[in-house]
There are 2 protein chains.
Amino acid sequence: MLTPMASGRDGERTWSIAQVAAEFGVTHRTVRHYEDIGLIAPERHGTRRVFRRRDRTRLALILRGKRLGFPLEEIRTIIDLYDAPRGKTSQLEYAITQARKRRVDLEERRRDIDESLAELGAFEASCQADLDRLS
Amino acid sequence: MLTPMASGRDGERTWSIAQVAAEFGVTHRTVRHYEDIGLIAPERHGTRRVFRRRDRTRLALILRGKRLGFPLEEIRTIIDLYDAPRGKTSQLEYAITQARKRRVDLEERRRDIDESLAELGAFEASCQADLDRLS
DNA sequence: CTTTACGTTGACGTTAACGTCAACTAGGGA
DNA sequence: TCCCTAGTTGACGTTAACGTCAACGTAAAG
């Protein structure tokens, strides 16, 4: 019952909104919301949205950003960073400084995670010790 | 101008709401909100809130959870996990399974972060290469 | 004793990120 | 042709996490 959408004349595969929503585990409404605020911009065939690989890539970036707890507006700046114009030196330098900021942010989050994992490990060990003592 | 709150008769230091708010970089309102939903439960002297080390520890856990993008309700379950009763074997076993779930979740987030950092590194390198080529 | 700083409780407002109808359209199969 | 499925656009509702008054209490300082 798989009904891959007709490939465009250029042979690139496309997907319907139901297909991408199912694939990424979100609702139709969520996809529409991301389009509303300009995070994705699927083409149209008539009135229907047509998703290409590019759109799926962006969706993956968005959802990973969400898992990491970033608000959509911040996710937008990340995506924009990745496909901003990079022709001029000033643009490249700006991109690099932005990337460094993101790196700092992400590394701090990783420290938070490592701390959490360490505490969790100690907690588990402590519980296990109590269990052993009780048996 | 430091005015540490009077220490209780048991010699344990305490803090006012303004002090903890400033220390953790949040507003008075935020602290109150956490109390409203039961994430912290500072004592009272008369009508005023009195914070002890325990409260500050919890605040630190809450805010780290927030940095990691967890909703407050999920943060509550984490905190509850840490100071739930652990007397009986069944309680200990439950605590351990909960802790394992959290570990899985955190490890997945760390993978997300590592992927993000890898992509970011490649991006920076690519920008740098373009810059070198232009100079 | 009055001002001032700090604290308190409502209670309504706001923003983000969708959920949830309702009402409509468009294409394909029986 | 008729209907069914999938898709579309509003538009209002909802939840989380506070922001932002307003109105009041109180303890210490001048």
Side-chain angles (χ1 to χ4, degrees), chain A residues 1-8 14-52 55 58-79, chain B residues 1-8 14-52 55 58-79:
Chain A
M1 287 318 189
L2 275 178
T3 311
M5 272 187 116
S7 350
T14 64
W15 290 262
S16 73
I17 190 170
Q19 289 172 330
V20 294
E23 181 175 352
F24 287 97
V26 297
T27 70
H28 153 184
R29 180 65 179 87
T30 297
V31 175
R32 252 190 64 202
H33 181 61
Y34 295 160
E35 185 182 12
D36 285 346
I37 64 176
L39 286 183
I40 53 178
E43 290 176 22
R44 299 291 176 116
H45 280 175
T47 100
R48 312 209 155 175
R49 292 171 177 84
V50 173
F51 295 80
R52 297 187 180 283
D55 301 304
R58 294 178 72 102
L59 263 176
L61 279 176
I62 294 168
L63 296 176
R64 193 179 61 193
K66 284 210 61 189
R67 284 196 301 276
L68 295 179
F70 293 109
L72 292 181
E73 276 314 308
E74 196 164 348
I75 292 175
R76 179 209 303 282
T77 73
I78 304 175
I79 296 187
Chain B
M1 285 320 188
L2 274 177
T3 311
M5 272 186 117
S7 353
T14 64
W15 290 263
S16 73
I17 190 171
Q19 289 171 330
V20 294
E23 180 175 353
F24 287 98
V26 298
T27 69
H28 152 184
R29 181 64 179 87
T30 297
V31 175
R32 251 191 64 201
H33 181 59
Y34 295 160
E35 185 182 12
D36 284 347
I37 64 176
L39 287 183
I40 53 179
E43 288 175 24
R44 301 291 176 114
H45 279 175
T47 102
R48 314 211 154 173
R49 292 170 177 84
V50 172
F51 295 80
R52 297 187 181 283
D55 301 304
R58 294 178 73 102
L59 263 176
L61 279 176
I62 294 168
L63 296 176
R64 192 179 63 193
K66 285 210 60 190
R67 286 197 301 277
L68 295 179
F70 292 110
L72 293 180
E73 277 313 309
E74 196 165 346
I75 292 175
R76 178 208 304 281
T77 73
I78 305 175
I79 296 187

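Only heavy atoms go into these numbers, but all of them, side chains included; no hydrogens, no water, no symmetry mates.
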Quick one: is [X] getting a side-chain N or O under 4.0 Å of the [N] phosphate, OP1 or OP2?
X	N	value
A/Tyr34	C/dA17	no
A/Lys66	C/dA17	no
B/Ser16	C/dG7	yes
A/Thr27	C/dG19	yes
A/Arg49	D/dG7	no
A/Arg44	D/dT9	yes

From [options], nucleotide with atom closest to [X] side chain:
X	options	answer
B/Arg48	C/dT8, D/dT8, C/dG19	C/dT8
A/Arg32	C/dG19, D/dT9, D/dG7	D/dT9
B/Thr30	C/dG7, D/dC18, C/dT9	D/dC18

Specify the separation, in whole Å, of atom [atom1] of [X] and atom [atom2] of [N].
X	N	atom1	atom2	answer
B/His45	D/dG25	NE2	P	22 Å
A/Ile40	C/dC18	CD1	P	11 Å
B/Asp36	D/dG19	CG	C1'	14 Å
B/Glu74	D/dA16	CD	P	13 Å
B/Ile37	D/dT15	CD1	C1'	13 Å
A/Arg76	C/dA16	CZ	P	11 Å
B/Phe51	C/dG7	CZ	P	10 Å
B/Glu43	C/dG7	CD	C1'	17 Å

Could you tell me whether the side chain of [Y] reaches within less than 4.5 Å of the side chain of [X], counting heavy atoms only?
X	Y	result
B/Leu39	B/Leu72	yes
B/Val26	B/Val31	yes
B/Ile62	B/Ile40	yes
A/Glu73	A/Thr77	no

- Task: Would you mind classifying the nucleic acid contact of B/Leu72 as base, sugar-phosphate or nothing, using non-hydrogen atoms under 4.0 angstrom?
- Result: sugar-phosphate
- Query: Across the strands shown, which category fits A/Phe70 at heavy-atom distances under 4.0 angstrom: base, sugar-phosphate, nothing?
  - Reply: nothing
- Item | base_contact_polar (D/dT20 base, B/Arg29 side chain, donor-acceptor, <3.5 Å) | yes
- First of A/Glu73 and B/Glu35 reached from the 5' end of DNA chain C, by closest nucleotide: B/Glu35
- Message: Using only atom types and a distance under 3.5 Å, with no angle test, would you say the side chain of B/Arg49 pairs donor to acceptor with the backbone of B/Glu35?
- Response: no
- Would you confirm whether A/Arg52, through its side chain, and A/Asp55, through its main-chain N or O, come within 3.5 Å as a donor-acceptor pair? no
